[in-house]
Amino acid sequence: MDIRSDKIKTLRNQKGWTQQHLADACGLSLRTIQRVERYGAGSKETALSLCSVFEIDLADILVPEDSEQQVENISGSSVNVLLMVVFALVFGVIAGTSVTYWLMA
C-alpha cells in the first residue's frame, strides 16, 4: 500500500515520539517505520497499526489512487511525445535526403 509518509512523520513528531517509540507502540520493527517514512511503503497491516496508534482513519494516511493515475498518464503522454519527435526526425531525414538526391540528379 502507498502510505503518506509525510503524514506519518508529522503525526509522530507532533507526539514527540522517536521512530523506535512509534515502532514499539505499533508492534512493528524500526525498519518498517523507517521504510514507511522514507518511501511510503507498507502493508495493509502496517497501515492499520499506524491508524490504531494515531487514532485516525485508514483513508487519512493512504495516498489517493487518482494521484497514481496522474503519474501514469504523465509518463504515458511523455512516451507519445517522444514517439512523435522520433517519427518527425526520421521523416525529416528521409524527406531531406530525397529532395537532395532529386536536385542533384
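- Residues I94 and V90 have side chains in contact (heavy-atom distance under 4.5 Å, counting atoms from C-beta outward).
- Of the possible polar contacts, one joining the D60 side chain to the D57 backbone as a donor-acceptor pair under 3.5 Å is found.
- Minimum heavy-atom separation, I56 to I61: CD1-CG2, 3.2 Å.
- With rounding to the nearest 0.5 angstrom, the CE atom of M84 is 12.0 Å from the CG atom of L89.
- The OG atom of S5 lies 13.5 Å from the CD atom of Q34; values are rounded to the nearest 0.5 Å.
- Of all non-hydrogen atoms in R12 and W17, the two that sit nearest each other are NH1-O, 2.8 Å.
- Annotation: side chain of Q20 is in contact with side chain of D24 (closest heavy-atom distance under 4.5 Å).
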- Task: Decide yes or no on side-chain contact (heavy atoms from CB on, under 4.5 Å) for L62 and M1, but give the supporting numbers first.
- Result: CA-CA 8 Å; L62 293 183; M1 299 190 98; 3.8 Å; yes
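- Remark: R31 CZ is packed, more than 12 non-hydrogen atoms of other residues, nucleotides or ligands lying under 6.0 Å away.
- Using a 4.5 Å cut-off on side-chain heavy atoms (C-beta onward), E37 and I33 make contact.
- Under the 4.5 Å side-chain criterion, counting only non-hydrogen atoms from C-beta, K15 is in contact with F54.
- Interatomic distance, H21 NE2 to L30 CG, rounded to the nearest 0.5 Å: 13.0 Å.
- Between L58 atom CG and L48 atom CG the span is 5.5 Å, to the nearest 0.5 Å.
- Scanning both residues, A47 and I3, for their nearest heavy atoms gives CB-CD1, 4.0 Å.
- Put simply, NZ on K9 and CZ on R4 are 14.5 Å apart, with the number rounded to the nearest 0.5 Å.
- Nearest heavy atoms, C26 versus V53: SG-CG2, 3.5 Å.
- Counting only N and O atoms by type, the side chains of S49 and S52 include no donor and acceptor under 3.5 Å apart.
- Atom CG in L50 sits 5.5 Å away from atom CG in L22 (nearest 0.5 Å).
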- Task: Mind running side chain to side chain donor-acceptor pair (under 3.5 Å) on T97 and T100 for me, showing each step along the way?
- Result: CA-CA 5 Å; T97 304; T100 302; over 6 Å; no
